[in-house]
Amino acid sequence: MTTAIAPANIAFIKYWGMRDAEQTLPYNGSLSMNLDACLTTTSVLFDPALESDHVTLTLYAQPPKVAVGRPLERVVAHLDRMRALAGVTTRARVTSSNNFPADAGIASSAAAFAALTLAGVSALGLAMDERTLSRLTRRSGSGSASRSIPTGYVEWHNGDDLTSFAESIAPPEYWDLADVVAVVDTQAKKIGSAENHHLAVTSPYFGVRLEGIQQRLDAARTAIMQRDLTLLGTTMEADAVSMHLVCMTQSPPSFYWNAGTMAVIHAVRAWREQGLEAYFTIDAGPNVHVICASGDRFIVQERLEALPEVQFTLVNRVGHGARLVHVND
Ligand code: PMV
C-alpha cells in the first residue's frame with residue numbers, strides 16, 4: 001500500500017475553459033500557491049484478489065463513504081491511465097480523506113487527484129519525474145490538480161500534452177504569504193467547474209479574457225519573484241473578476257457570487273483603504289480567498305470572522321507539493 005498527501009491550491013491567475021477534454025488542456029497558463037492547511041491523504045493498494053476498484057472517501061468530520069456514480073468513474077478512469085502505463089489490469093483499493101471541511105467550497109478535487117496520482121504511480125512502481133507526474137495528474141480531468149504536484153508557488157503552462165505541465169517557480173519559504181478563506185456558504189456548488197469549462201467559450205468576454213491573460217500571467221510571476229504584494233494583489237483581483245465575468249455572460253449563465261461574497265469583497269477593499277493590505281480571489285463557488293502577508297493573517301482572520309456573512313475561516317500559509325508518506329513493498 002502506498003500513501004500520498006497533496007495540498008489544495010488557490011490560483012492567482014485562473015485556469016478557466018478547457019481546450020481539449022481528452023487531454024485536459026487549458027486555453028491559458030495559470031499560476032497558484034499551494035495551501036499548507038488544506039490536505040488530502042490517499043492510499044492505494046493494487047490487489048489481484050479484487051474484481052473491481054473499490055474507493056472509500058472520508059470527508060472531514062464525516063463517516064467514510066463508498067464512492068459510486070460519477071466520482072467513482074473519475075477515479076477508475078484515472079487508475080486506468082496509470083494501469084495502461086504500467087501494463088497491468090490489477091484492480092485497486094483506494095482510501096482518501098480530507099483534513100479540511102468538505103463543505104468549505106475549497107476545490108478539493110485538486111488535492112484529491114494529485115494525491116491519487118502520486119500514490120497510484122508509486123504503488124505501481126512507475127518511475128516518473130515531477131513534470132511527467134504533473135502531466136498525468138492534469139489528465140485526471142481536474143486540470144488544476146497538476147498544480148498541486150510541485151512545491152510552493154506553481155505555474156501550469158498552456159501547451160500540448162507534452163508541454164502542458166506544472167512547475168514550481170518558488171518554494172514556500174521564498175515569500176511568506178497567507179490565504180485566509182472566508183466561508184460564506186457551505187452548500188455544495190450547484191454547477192461544477194467541469195461543465196463551465198466547456199461553456200466558457202460561449203461568453204462574448206472569453207476572447208477579451210484571453211487577450212489580457214498573458215500580461216496578467218507575466219505580472220503575477222514578476223510580482224512573486226519580486227515579492228510585490230500590491231502588483232500580485234491587483235493582478236489577481238482583475239483575473240478573478242474576469243473569470244467570473246465570463247461565467248456570468250456564458251450561455252446559460254452561472255452566478256457563483258452571493259451576497260456574502262460581495263460583503264467580503266467590499267470589506268477587503270475598505271480595509272485596504274485603511275492600510276491593511278489584503279486582496280480577494282474567488283474560485284468556482286461563493287467563498288472568498290483573502291491573500292495577505294503572513295504576518296497579517298490573524299488580523300485578517302479576526303476581521304473576517306467579525307463579518308455576519310462569514311461562517312468560519314481557514315488560515316493557510318504557502319504549502320509544499322504532493323509527497324509520499326508511507327510505502328510498503
Ligand atoms: O481543475 P478544475 O477543473 O477543478 O478547475 C479549476 C477552476 C478554478 O479553481 C476556478 C480555477 C483554477 O485555476 O484553479
Side-chain angles (χ1 to χ4, degrees), residues 6-35 38 40 70-71 74-75 77-78 98 102 104-117 134-150 153-158 164-166 179 181 188-201 203 206 209-210 213 216-217 220-221 235-248 250 254-257 261 280-289 291 316 319 321-322:
N9 68 73
I10 180 67
F12 302 139
I13 304 298
K14 311 286 187 192
Y15 150 52
W16 199 245
M18 204 188 288
R19 182 162 48 87
D20 179 322
E22 165 60 27
Q23 308 272 359
T24 319
L25 294 173
Y27 279 94
N28 62 271
S30 54
L31 210 153
S32 58
M33 73 175 231
N34 286 327
L35 305 184
C38 293
T40 296
R70 187 69 193 126
R74 286 189 67 187
V75 172
H78 202 48
N98 269 356
I106 312 248
S108 50
S109 63
F113 279 101
L116 175 68
T117 311
S134 82
R135 286 175 46 227
L136 178 60
T137 305
R138 184 200 79 226
R139 294 192 57 206
S140 66
S142 180
S144 61
S146 66
R147 294 192 311 248
S148 287
I149 296 291
Y153 296 90
V154 177
E155 181 167 357
W156 169 22
H157 302 286
N158 186 11
S164 185
F165 59 88
D179 173 10
V181 188
K189 57 188 173 194
K190 289 173 195 70
I191 309 142
S193 50
E195 195 179 330
N196 279 344
H197 278 306
H198 296 293
L199 294 176
V201 290
S203 163
F206 188 59
R209 168 167 170 75
L210 292 185
I213 203 118
R216 288 195 296 276
L217 197 54
R221 195 187 309 107
T235 309
M236 84 169 74
E237 288 191 352
D239 193 71
V241 171
S242 151
M243 180 202 122
H244 286 272
L245 172 73
V246 166
C247 287
M248 293 176 198
Q250 70 188 27
S254 255
F255 298 89
Y256 285 116
W257 297 6
T261 315
F280 66 84
T281 185
I282 303 145
D283 273 350
N287 301 321
V288 185
H289 294 249
I291 309 295
N316 291 274

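Ligands are counted one by one from 1 in listed order, and the atoms in each one are counted from 1 as well.
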Distance only, no hydrogens: is a donor on one side chain within 3.5 Å (strictly under) of an acceptor on the other, for [X] and [Y]?
| X | Y | answer |
| --- | --- | --- |
| Arg147 | Ser30 | yes |
| Tyr153 | Asn34 | no |
| Trp16 | His197 | no |
| Ser242 | Arg209 | yes |
| Ser134 | Ser146 | no |

Side chain, backbone, both or neither: which part of Ala11 has a heavy atom under 4.0 Å from ligand 1?
side chain

Residue [X] vicinity, atoms of ligand 1 by number, heavy atom under 4.0 Å:
| X | value |
| --- | --- |
| Gly143 | 1 (O) |
| Met243 | 10 (C) |
| Ser109 | 4 (O) |
| Ala284 | 10 (C) |
| Ser193 | 2 (P), 3 (O), 4 (O), 5 (O) |

Answer yes or no for [X]: is there a heavy-atom contact with ligand 1 below 4.0 Å?
| X | answer |
| --- | --- |
| Arg147 | yes |
| Trp156 | no |
| Ala110 | no |

Validation row, ring centre Tyr15 to ring centre Trp156 under 6.0 Å:
yes

Salt bridge check: are Lys14 and Asp239 linked by an N-O gap of less than 4.0 Å?
no

